[in-house]
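A short write-up of the structure that comes next.
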Amino acid sequence: MTGSDTVSAPRKGKLEKMNIILPQIVSSMSIGKEFSSHMVMFYWPKIVGKHISDNVSPVKLEFKKLFLYTSHPVWATQLSYMKEEIKNKINSFMGEYLVEDLVFTNIKPEKIDFDDTDNEVNLGLEIKKINISDEEVREISHNLDEVQDDDLRKLLLKVKTNDEKLKKYRKNANWHPCSKCNTLCPPEDQLCDSCKRNANIDRLKSIRRYLMDVPWARFCDIVKTIPCTAEEVNEQRIILMQILASKISSTKTDCMEATILTMLYKSVSPDKLTPELRQQTIDKFKYDFMDSFAAKKGKKYHNSKKV
């Protein structure tokens with residue numbers, strides 16, 4: 001056995017154990033896809049390696065599509081040839097079929113501010129102050145009887161015990177059931193964070209449906225029907241354009257996808273659309289969003305483009 005084999009074996013074992021533990025934790029806590037999505041973001045450097053993660057960042061995971069932001073277009077080109085490998089790494093690491101496509105976007109991921117200067121409650125310390133009865137501990141432990149692995153059972157017992165303490169803390173702080181799912185949420189809110197996110201996802205889907213029905217629509221038209229911001233409309237417009245672009249061949253631009261993309265990109269109605277405008281738009285779009293276009297049959301586009 002070589003030195004490299006000696007090093008790689010433990011890593012593989014840890015990865016396999018992670019694949020077993022993660023789905024069980026997710027299932028036991030009933031937090032599903034939302035948790036898995038955050039785990040992809042959190043473990044991105046471990047999944048793809050430092051070299052890629054330094055230049056490619058996950059933005060969000062929606063409808064099994066992972067949106068990625070790249071530091072330079074050449075990285076989108078590189079990863080377009082590695083799609084299957086990247087998808088397999090993610091799905092293998094997470095232990096479920098979570099990602100079926102990669103979509104490259106020019107929208108940067110949100111920066112997380114870890115500044116703790118606004119004197120927020122130290123939740124960890126407050127939870128430690130909460131007591132739960134022996135009967136409650138026994139009930140939690142009983143619910144984990146089917147978990148055979150001792151280490152995993154101890155981990156889940158700790159997680160679920162802290163979860164029970166958190167619920168008690170929130171009840172003491174006048175949190176109330178969410179109006180949709182009964183999960184506890186702050187006194188000033190009607191919906192919990194999960195339902196808020198789901199409502200926001202539905203709203204963004206409504207924007208996309210509106211744009212697909214009326215591709216030439218502008219923000220001033222959409223906001224009359226759907227509460228939204230100009231930035232949100234622009235983001236959804238770009239997402240749709242990149243999805244459409246991935247279906248357009250470099251040699252055939254007279255398809256329906258190219259027509260809709262042109263109306264989205266130029267905000268022009270069908271009566272003002274011409275073949276010349278469509279071709280000009282597609283040509284320009286290829287340079288602005290080069291790597292949104294599918295690398296069909298291994299062809300490379302825009303060899304003359306400087307990188």
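Note that these values count all heavy atoms, side chains included, but never hydrogens, waters or copies made by symmetry. This structure is a prediction, so every number in the text was calculated from the model and none was measured.
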Interatomic distance, OG1@Thr274 vs CD@Gln279, rounded to 0.5 Å, equals 10.5 Å
What is the distance from atom CG of Leu157 to atom CG of Asn143, rounded to the nearest 0.5 Å?
10.5 Å
Are Tyr169 and Leu184 connected into the same hydrophobic cluster when the rule is that any two of I, L, V, M, F, W, Y join if their side-chain heavy atoms are below 4.5 Å apart?
no
Looking at side-chain heavy atoms only, is the closest gap between Trp216 and Asp221 below 4.5 Å?
no
Is it true that Lys89 and Glu85 have a side-chain N and a carboxylate O under 4.0 angstrom from each other?
yes
CG of Asp151 to CG of Leu156, rounded to nearest 0.5 Å, is 11.0 Å
Give a yes-or-no answer on whether the side chains of Ser206 and Arg203 include a donor-acceptor pair shorter than 3.5 Å.
no
Contact summary for Pro227 and Thr225, nearest pair of heavy atoms:
CD-O, 4.0 Å
Would you say the side-chain atoms of Asn88 pair up with the backbone N or O of Glu84, donor to acceptor, closer than 3.5 Å?
yes
I'd like to check Cys185 versus His176 (side-chain heavy atoms, cut-off strictly below 4.5 Å). Are they in contact?
yes
Give the ring-plane orientation class for Phe93 versus Tyr43, where under 30° counts as parallel, over 60° as perpendicular and anything between as tilted.
tilted
Tell me, do Glu139 and Ile132 make a side-chain contact under 4.5 Å, heavy atoms counted?
no
Where Lys60 and Met41 come nearest, the two heavy atoms and their spacing
CA-CE, 3.3 Å
Do Leu191 and Ser179 pass the side chain to side chain contact (heavy atoms under 4.5 Å, CB included) test, and can you show the C-alpha distance, the side-chain angles, and the key distance before you say yes or no?
CA-CA 6 Å; Leu191 299 175; Ser179 60; 3.3 Å; yes
Take Leu240 and Gln236 through the test side chain to side chain contact (heavy atoms under 4.5 Å, CB included) and record every step on the way to the result.
CA-CA 6 Å; Leu240 285 175; Gln236 300 311 306; 5.6 Å; no
Of the non-hydrogen atoms in Trp175 and Pro187, which two are nearest, and what is the gap between them?
CD1-CD, 4.0 Å
One should read off an interatomic distance between Asn182 CG and Cys195 SG, to the nearest 0.5 angstrom, of 9.5 Å
Okay, side chain of Lys64, backbone of Tyr97: is any donor-acceptor separation there less than 3.5 Å?
yes
Flag side-chain contact, heavy atom, 4.5 Å: Leu102 against Ile86
yes
Checking side chain to side chain contact (heavy atoms under 4.5 Å, CB included) for the pair Tyr265/Ile282: CA distance, chi angles, key distance, verdict?
CA-CA 9 Å; Tyr265 194 47; Ile282 296 302; over 6 Å; no
Whether the side chain of Ser57 engages the backbone of Ser53 through a donor-acceptor N/O pair (distance < 3.5 Å, no angle test) should be reported.
no
Nearest 0.5 Å please: distance from the OG1 atom of Thr161 over to the CG atom of Leu166.
12.5 Å
Asn91 side chain to Val99 main-chain N or O, any donor-acceptor pair under 3.5 Å?
yes
Kindly indicate whether the side chain of Glu136, heavy atoms from C-beta on, has any atom under 4.5 Å from the side chain of Lys168.
yes
Looking at side-chain heavy atoms only, is the closest gap between Trp44 and Val56 below 4.5 Å?
yes
In the structure I gave you, are the side-chain heavy atoms of Cys192 and Cys181 within less than 4.5 Å of one another anywhere?
yes
Restricting to non-hydrogen atoms, name the atom on Pro215 and the atom on Arg237 that form the minimum distance, rounded to 0.1 Å.
O-NH1, 3.6 Å
For Val233 and Leu211, which heavy atoms make the closest approach, and how far apart are they?
O-CD1, 4.1 Å
Minimal non-hydrogen separation, Ser80 against Thr77, with atom names
OG-O, 2.5 Å
Flag yes if more than 12 heavy atoms outside Lys180 fall under 6.0 Å of its NZ atom; otherwise flag no.
no
Does the pair Arg138/Glu135 count as a salt bridge with the N-to-O cut at 4.0 Å?
no
If I take atom CZ from residue Arg209 and atom CG from residue Leu204, how far apart are they, to the nearest 0.5 angstrom?
10.5 Å
Going through the distances and angles, do Val268 and Thr281 end up as a side chain to side chain contact (heavy atoms under 4.5 Å, CB included)?
CA-CA 11 Å; Val268 295; Thr281 301; over 6 Å; no
More than 12 foreign heavy atoms under 6.0 Å from NZ of Lys83: is that the case here?
yes
Is any side-chain heavy atom of Leu79 less than 4.5 Å from a side-chain heavy atom of Thr70?
no
